[in-house]
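Single-structure report; data block below.
Numbered from 1 within each chain, the chains take letters A, B, ... in sequence-line order.
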Amino acid sequence: MRTLLFLLRKEFLQIFRNKLILRMIFALPVIQLILLPNAATYEVKNITFSVVDHDHSEYSRKLINEFTASGYFQLNDYSKSYDQALDQVEKDKTDLIVEIPAGFERELIRQNESMIFFAANAISGQTAGLAVAYANSIIRDYSNNIRAEWISMPRLSAIPTIEITSSNWFNPQMNYKKFIVPGVLALLVTLVGFLMSSLNIVKEKEIGTIEQLNVSPIKKYQFILSKLIPFWFLGLMVLSIGFVISFIMYGLYPVGSFWVGYLFAGIYLIALLGFGLLTSIYAETQQQAMFIAYFFMLIFILLGGLFSPIENMPDWAQYLTYVNPVRYLIEAMRMLVLKGSSFWDLRYHFLIITAFAFVFNGLAIWNYKKTV
Amino acid sequence: MSSEIVIKTNKLTKKFGDFIAVNEITFEVFKGEIFGFLGANGAGKTTAMKMLIGISKPSSGSAEIAGFDIYKETEQIKKSIGYMSQKFSLYEDLTIRENIQLFGGIYGLSNKQIQKKSNELINKLNLQNKADKLVASLPLGWKQKLAFSIAILHDPKIVFLDEPTGGVDPITRRQFWDMIYEAAHNGITVFATTHYMDEAEYCNRVSIMVDGVITALDSPNNLKKQYNANSMDEVFLTLARGAKRGE
């Protein structure tokens, strides 16, 4: 126990003497929490569109007005022909072509139905899908309005209409930032826990001081604990800074209990530090450790549902996320911050992350040897 | 020097695949002795030393260090030895005093002992003004003297030195050997590798390793007589010239 205290004192002295790392610990959460939620947004605004109007009627003009008035669309140009509009798409100036056929108004009045043609620029599938979805809802409103105009007494209307209203739980304004912020908190904890712990041990290997510790009577568990505890504290410190910033910047704080958040992050960090330790056992140089860490971090984060929801992934990728510890932290953070989930709601997450902690640390202790 | 044996090996061998780094070395070292462990680069000195200090498992053979078995009792061995590696291995981002406290603590010295020993050591090395400066700021020669002092801080039975004076100026080397003599005088056995043949002359006995095998072992004077040489340098060249392994 006394040996451990001496070792811990050494680690903390070294960490706090490293001004660059100390500054990074503060800068990292601030910058990431300011940049990422604002930059990484899935809301698509300012979709440009080109109109090919062969009808030039009152109704076609009204329809175009609906588009420009929606706030999602920006009129790029009136093209004379579809080919001319396609040219705009090819130049990447327009995202959506709306072609109104000749006789649009006449058909609408005489036959009670008419056709409109959309063509979306699917270079970005996301934008294209949303553009068509927004356009569809504009057309639906448009035709409902016409119907309302024509049938003076809607209550006696022969055509039953079903109106869909929805309310969004837990994130009423569908604010994408609220979705991203808890994920970024998870990212921060992961970065500090994994990267810093693995690099720290490999650094001792590289400069040769680990040999001096290996020939001393330090016990294996003392050495491992002396490496885990400081980064466990740092991870939780970064999380706390993150909580403060997300409150100041976005007014977000866990609707659920802070303690459940810290408990979860605490166990998660133990798991991740174990993984960092495992990495450092196999890496001989900081370069190798950095590369291994980068390899796993990228996969963990992209498959963790930070940016793209796991539900949207193909089945095989969804199965992969089950063995990704980052997934559970991101989910737990979102449930806690947005939904206010309790310990009991998160019991499976707790169970799984505890299992990760045992497996990673077990493997690390098993593989760490004081011999060369 | 007494007749008490503190290091005893019997056909100690280390193989890496087909390569036999250390080939059946057998020798004894006595208490309080300064034992020079010589050999060209790649002869297997460091590998042999790593087995003796318990951080490398031998492939075969046996050895006892301070009366403990190197297979089963490595943790007891680690308590009884000090070690100074080829690479400088104090923490450069800790101060001199912090380094002393850390290693004192690791070897289980009490706070009072640590306090007393740090002051003694700092005074002896004339580092009073630098005690709270980072080790990184010291010149190499001072670092080596400090590393040696810390390696014997816990009064080990044996101290292993792996090329302790590499890159150090002649004056500091001389001072370093004075410290080694003093340690030996206090009953600490010194087991050192070196490439400087003048240092070999300071040893009570030396062994010369060629291609993983100990080809000669005796006092410098006897070796010079045996090989009809004027200096240890000549003895070493005669023996090492036969080496087949390169650098």
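A donor-acceptor pair under 3.5 Å is absent between the side-chain atoms of N99(B) and the main chain of L90(B), judged by distance alone.
Between the side chains of T3(A) and Y107(B), not a single donor N or O lies within less than 3.5 Å of an accepting N or O.
For F160(B) and F37(B), the gap between ring centers reaches or exceeds 6.0 Å. Two rings, from F356(A) and Y268(A), have their centers 6.0 Å or more apart. Ring centroid separation for the pair F191(B) and F35(B) comes in under the 6.0 Å cut-off. For Y253(A) and F258(A), the ring centers sit 6.0 Å or farther from each other.
Contacts between D162(B) and chain A at a heavy-atom distance below 4.5 Å are absent for every atom of the residue. Looking at T74(B), neither its backbone nor its side chain comes within 4.5 Å of chain A, counting heavy atoms on both sides. Neither the backbone nor the side chain of L52(B) comes within contact range of chain A; no heavy atoms are under 4.5 Å apart. Neither the backbone nor the side chain of E92(B) comes within less than 4.5 Å of any heavy atom in chain A.
With chain A as the partner, the residue from Q101(B), M84(B), Q76(B) showing the most heavy-atom pairs under 4.5 Å is Q101(B). In terms of heavy-atom pairs under 4.5 angstrom with chain A, the leader among I106(B), T95(B), I77(B), I81(B) is I106(B).
Cation-pi geometry between K145(B) and F176(B) is not satisfied (NZ or CZ under 6.0 Å from the ring centre, within 45° of the ring normal). Annotation: cation-pi geometry satisfied between K130(B) and W142(B) (NZ/CZ under 6.0 angstrom from ring centroid, within 45° of ring axis).
The residue from E199(B), H195(B), Q144(B) that alone fulfils the side chain to side chain donor-acceptor pair (under 3.5 Å) condition with T165(B) is E199(B).
Identified by a heavy-atom distance below 4.5 Å to chain B, the contributing residues of residues 182-206 of chain A are K203(A), E204(A), K205(A), E206(A), in residue-number order.
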